[in-house]
Colleague: 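Submitted below is the structure of interest, expressed as structure tokens.
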Amino acid sequence: MTGAACITVPAYAQSAPEEIGSNEIVVTALKRENQKIQDVPTSIAVLGQDQLETRGVAEFSDFARSVAGLNFIDSGAGDKRYILRGINAAGEAQTAVYYDNIPMTGIGGAATDFGGRQPDLQLYDVKQIEVLRGPQGTLYGSNSQSGVIRFVTNKADPSKFEATAQGELSTTKDGGENFAIRAMLNVPVVQDLLAVRVVGYTEDYSGFVDNIYRDEKDFNDTQREGIRASVVLTPDDKTTITGQYFYQKLKTGGRAYTRPYDIWIPANDTENGNFFPAAGERSISQIGREERRDEINIYALTAERDIEWATVTASGSYFDRNVTDNTDNGPSFRYFEYLQRIGEFPDVAIPEGSISYSPQKSKMWSGELRMATKLDGPVNGVVGVFYSDRDNKFMTATTVVDPISGYSDFTQDFISQRKFADKTKDLAVFGEVTVDLTDRLSVTGGARWFQTKRSLVSETIVPFFGLGAPGTTSAKAKNTDTIFKGVISYKITPDAMVYAQYAEGYRSGGTNASSYSGVPAQYDPDSTVNYEIGAKTSWLNNALTFNVAAYLIDLQDLQVEQRFGPGGAFSGVGNIDGKAARSKGVEVDLTARPFHGTTLVFAGNYTDAKLTRDIGELGNDALKGTRLTRVPKVNFSVSGDQEFPVSSTVDGSVGFSVSHTGRIQNSYYDSDFNLPTKSYTLVDLRGQVRFEHFRLDLYVNNLFDKAAELTVFNTINDPYVVLANRPRTIGARFSYNF
């Protein structure tokens, strides 16, 4: 796995370097006719298929660090939370994720992170990735208050036969061998009428973290396999009907959690203090196994009809995901023992080892009907209606660990057991209109009316350590509102445009999935207001492209993590009334072609995301001016590629990518173990040789074997657990086009 260079101008094609930097790349995420990216008055990054393949992008983390303004909280394979422009807080997702017209939903996994665990599907044979930065509430609705990430897959093509195959082998330092097989087949069943396209893959990545307690090497191995299929019917030249199916199964032996630092929590005296000993940069010590399984099935149908003056699109999808998760509770239970020593936790028997066993199921129906005009006059727009019905069911059972197997010991009584059923229904009507006042000056206005209904049934079967009583509670909520957007743009020249934008975003409320019944059942929506100015420019016949955007975003009624129960050991989500935080920053995307075959790309951002007032509910350090957690002030990437002929029939290229992520604040709570995440820089190298049908890619990822702290989990009862990045990996990919 590696990083990809992100540009807001066209992805360069390895077979056509003269097109690098052209303005011809188009975006589809604005739900109108395809538009050239440099003509769109908003901040968008696009990565094309050739970029993705050259850099070996297999999943989200392989390209995310090279997109200006995009960060993420990494909790392991298939378990990430996306962050754009520094907008990050507990609760529901703040960045919307789409695969084509299919909205994805997180499945939660922690009491404070119901927006986490966004699906992370394999990206082989993906046409492009579009990242829309800033609130996209009018077009995409809930959970797009910081932006949208849209994956555009290649669909079946009735006009021609295509087939590709790829094999990959690599080795990871302190780990082992990795392999992957991927293939695509496109078959016109009836020429120019009906076609089928199928993508299949199987991947096996070695672990690289050791569990000292169980004397297990490289326990965090990951296997992923899946199928992506599309069927396209074109009954006439104005109608296209596309059916899609996605299947992915992922299994991992555990998260790449490590404990590289000694942590001391003082009690009444140092002799009885609670000590978390360091295990190493790529080691941890835990009794329980944290295996995880994740299975996804997605069905979708899209119909498009050209009615001459407009395009009508109807789409629908069904999302079905099952996750079985295991979390080791050893450090948490040691914290409970510490609380007992200082008299803040009941005198109950606390086992040496415990596992939280959490099966989770998520199902969502969604549908959208929209019409996008394509009139010859100065007025065009899009109008539509959207509906979704999400049903999440999950259970959390805290058990004693079987010391031999490391799994839950279901022969003993549960320490706690709770069940949840969460349902959310969204209905919305939306529209945007653009008026070209002159051939240079345009204005856009948009609005979205929405109604969200939520219901929760929570059943406590076994109270946590007997604290409380069994029983069932339920809650319902309904929210209705309208949000707006306005943009004005002016073309100074055909190659230079400036714009100003006002946009609102919102995030639905959600459910607190906690093992402790004292945590509130639900929390309310919050919103963002974005003010932005930007410029998109091309120079020297597109040999140089420079795009920049500056933004200021206010966060209202912010969903935040709060702590409950003895010693604040249980987390949940609540709201802070009014304006609680502000994020402001600058994004820069620069692409240069100083010589024939040479491409240099820079993508970077500065983000100043802070609390705007003291918020005591968040902790002792939640003071005005404190940075929002999980957001670096600075991150940037630099990449370069050089094309050259090897012979009259063979081409080659060499390239590099450097990405830097700045220091990150992890918690608002004042304590000895509230340490920031250190900044880190990762370097990748790559080379490629291309024949007529065959391509060989060689790469070295994480060249200097940097032990980066991707994410630090700093809870009060489990301090400073670090999710480690993959060590230096050297590999080769063999690709063949039939």
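One-based numbering along the sequence shown.
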Colleague: Between T399 and D409, do the side chains contain a donor N or O and an acceptor N or O under 3.5 Å apart?
Modeller: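 Checked: D409/T399 side chains show no N/O donor-acceptor pair below 3.5 Å.
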
Colleague: I'd like to know if E168 and R733 make a salt bridge, using a cut-off of under 4.0 Å between side-chain N and carboxylate O.
Modeller: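 Between R733 and E168 there is a salt bridge, with a charged N closer than 4.0 Å to a carboxylate O.
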
Colleague: Does any N or O in the side chain of Q688 come within less than 3.5 Å of the main-chain N or O of T54, such that one atom is a donor and the other an acceptor?
Modeller: no

Colleague: State which residue, out of L123, N701, V57, fulfils the side chain to side chain contact (heavy atoms under 4.5 Å, CB included) condition with D62.
Modeller: V57

Colleague: Output yes when a side-chain donor or acceptor of E290 lies under 3.5 Å from a complementary backbone atom of T252, and no otherwise.
Modeller: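 Checked: no pair found.
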
Colleague: Would you say I181 has more than 12 foreign heavy atoms packed within less than 6.0 Å of its CD1?
Modeller: no

Colleague: Please find the pair of heavy atoms, one from T607 and one from G86, that lie closest to each other, and give the distance.
Modeller: CG2-CA, 3.8 Å

Colleague: Using modelled atom types and a 3.5 Å cut-off, is there a donor and acceptor pairing between side-chain atoms of S170 and backbone atoms of G731?
Modeller: no

Colleague: Check the orientation of Y338 and Y335. Use parallel for under 30°, tilted for 30 to 60°, and perpendicular for over 60°.
Modeller: tilted

Colleague: Can a donor-acceptor pair be found, under 3.5 Å and without considering hydrogens, that links the side chain of D422 to the backbone of N392?
Modeller: no

Colleague: Taking atom types as modelled and ignoring hydrogens, do the side chains of S356 and T396 form a donor-acceptor contact shorter than 3.5 angstrom?
Modeller: no

Colleague: Would you please say whether a donor-acceptor pair under 3.5 Å links the side chains of Y247 and E295?
Modeller: yes

Colleague: State yes or no: are the ring centers of F333 and F465 separated by less than 6.0 Å?
Modeller: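 Yes, the ring centres sit under 6.0 Å apart.
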
Colleague: Just verifying a value: how many Å separate Y680 OH and H660 NE2, rounded to the nearest 0.5 Å?
Modeller: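 Spacing of OH (Y680) from NE2 (H660) equals 9.5 Å.
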
Colleague: Nearest 0.5 angstrom please: I227 CD1 to Q248 CD, how far?
Modeller: 11.5 Å

Colleague: With rounding to the nearest 0.5 angstrom, report the CZ to CG distance, F319 to N297.
Modeller: 10.0 Å

Colleague: Between R686 and D697 (salt bridge meaning N to carboxylate O under 4.0 Å), is one present in this structure?
Modeller: no

Colleague: Knowing that exactly one of Y407, F394, F410 qualifies, which makes a ring pair (Phe, Tyr, Trp, His ring centres under 6.0 Å) with Y357?
Modeller: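 Result: among Y407, F394, F410, F410 is the only option passing the ring pair (Phe, Tyr, Trp, His ring centres under 6.0 Å) with Y357.
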
Colleague: Answer yes or no: are there more than 12 heavy-atom neighbours, outside R214 itself, under 6.0 Å from its atom CZ?
Modeller: yes

Colleague: Looking at R282 and K706, what are the two nearest heavy atoms and their distance?
Modeller: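 Taking R282 first and K706 second, the nearest heavy atoms are NH2-O, 4.0 Å.
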
Colleague: Quick one about T629 and Q665 (side-chain donor to acceptor, distance below 3.5 Å, no hydrogens or angles considered), yes or no?
Modeller: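 Absent: no donor and acceptor within the cut-off.
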
Colleague: Might you point out which heavy atoms bring A724 and T258 nearest each other, and give the distance in Å?
Modeller: CB-CG2, 3.9 Å

Colleague: So, Q166 and Y201: side-chain donor and acceptor under 3.5 Å apart, yes or no?
Modeller: no

Colleague: In terms of side-chain geometry, is the basic nitrogen of R255 or D328 positioned less than 4.0 Å from the acidic oxygen of its partner?
Modeller: no

Colleague: Say you draw a straight line from CG of N702 to CZ of R728; how long is it, rounded to the nearest 0.5 Å?
Modeller: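 It comes to 7.5 Å.
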
Colleague: Regarding T398 and S416, do their side chains bring together a donor and an acceptor under 3.5 Å, going by distance alone?
Modeller: yes

Colleague: Counting only N and O atoms by type, is there a donor-acceptor contact under 3.5 Å from the side chain of R289 to the main-chain atoms of S405?
Modeller: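 Judged by distance alone, yes, a pair lies under 3.5 Å.
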
Colleague: Is it the case that the side chain of N178 and the backbone of S206 share a donor-acceptor pair, with hydrogens and angles ignored and the cut-off at 3.5 Å?
Modeller: yes

Colleague: If the threshold is 4.0 Å, N to carboxylate O, is there a salt bridge linking R224 and E203?
Modeller: yes

Colleague: Looking at every non-hydrogen atom in both residues, tell me the closest pair between G207 and D218 and how far apart they are.
Modeller: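 Here G207 and D218 meet closest at O-CB, 3.3 Å.
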
Colleague: Is there a side-chain contact between L70 and T95 (heavy atoms, below 4.5 Å)?
Modeller: no

Colleague: If every non-hydrogen atom of E709 is compared with every non-hydrogen atom of T677, which pair is closest and at what distance?
Modeller: O-CG2, 3.1 Å

Colleague: Start with the C-alpha distance between L696 and F734, add both sets of side-chain angles, then the distance that settles side-chain contact (heavy atoms from CB on, under 4.5 Å), and finish with yes or no.
Modeller: CA-CA 5 Å; L696 170 64; F734 311 86; 3.6 Å; yes

Colleague: Distance from L703 atom CG to F656 atom CZ, nearest 0.5 Å?
Modeller: 12.0 Å

Colleague: Kindly compute the distance separating OH (Y257) from CG (N220), expressed to the nearest 0.5 Å.
Modeller: 11.5 Å

Colleague: Is the backbone of T202 close enough, under 3.5 Å, to the side chain of Q122 for a donor and an acceptor to pair up by distance?
Modeller: no

Colleague: Looking only at the side chains, is there a donor atom on one of N635 and T661 sitting less than 3.5 Å from an acceptor on the other?
Modeller: no

Colleague: Of the non-hydrogen atoms in S285 and N211, which two are nearest, and what is the gap between them?
Modeller: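 Nearest pair, atom of S285 first, then N211: CA-OD1, 3.7 Å.
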
Colleague: Could you tell me whether R182 and D125 make a salt bridge, using a distance below 4.0 angstrom between a side-chain N and a carboxylate O?
Modeller: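 Salt bridge: no.
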
Colleague: Apply side-chain contact (heavy atoms from CB on, under 4.5 Å) to residues F219 and I284 and explain how you reach the verdict.
Modeller: CA-CA 10 Å; F219 70 88; I284 198 166; 4.1 Å; yes

Colleague: With a 3.5 Å distance limit and no angle check, can you tell me whether Q559 reaches the backbone of E92 through a side-chain donor-acceptor pair?
Modeller: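 Yes; at least one donor-acceptor contact below 3.5 Å.
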
Colleague: Within the 3.5 Å criterion, strictly below it, is a donor on T172 or R726 matched to an acceptor on the partner's side chain?
Modeller: yes

Colleague: Donor-acceptor pair, N143 side chain versus A93 backbone, under 3.5 Å?
Modeller: yes

Colleague: Where the side chain of N71 meets the backbone of I83, is there a donor-acceptor pair that is under 3.5 Å apart?
Modeller: no

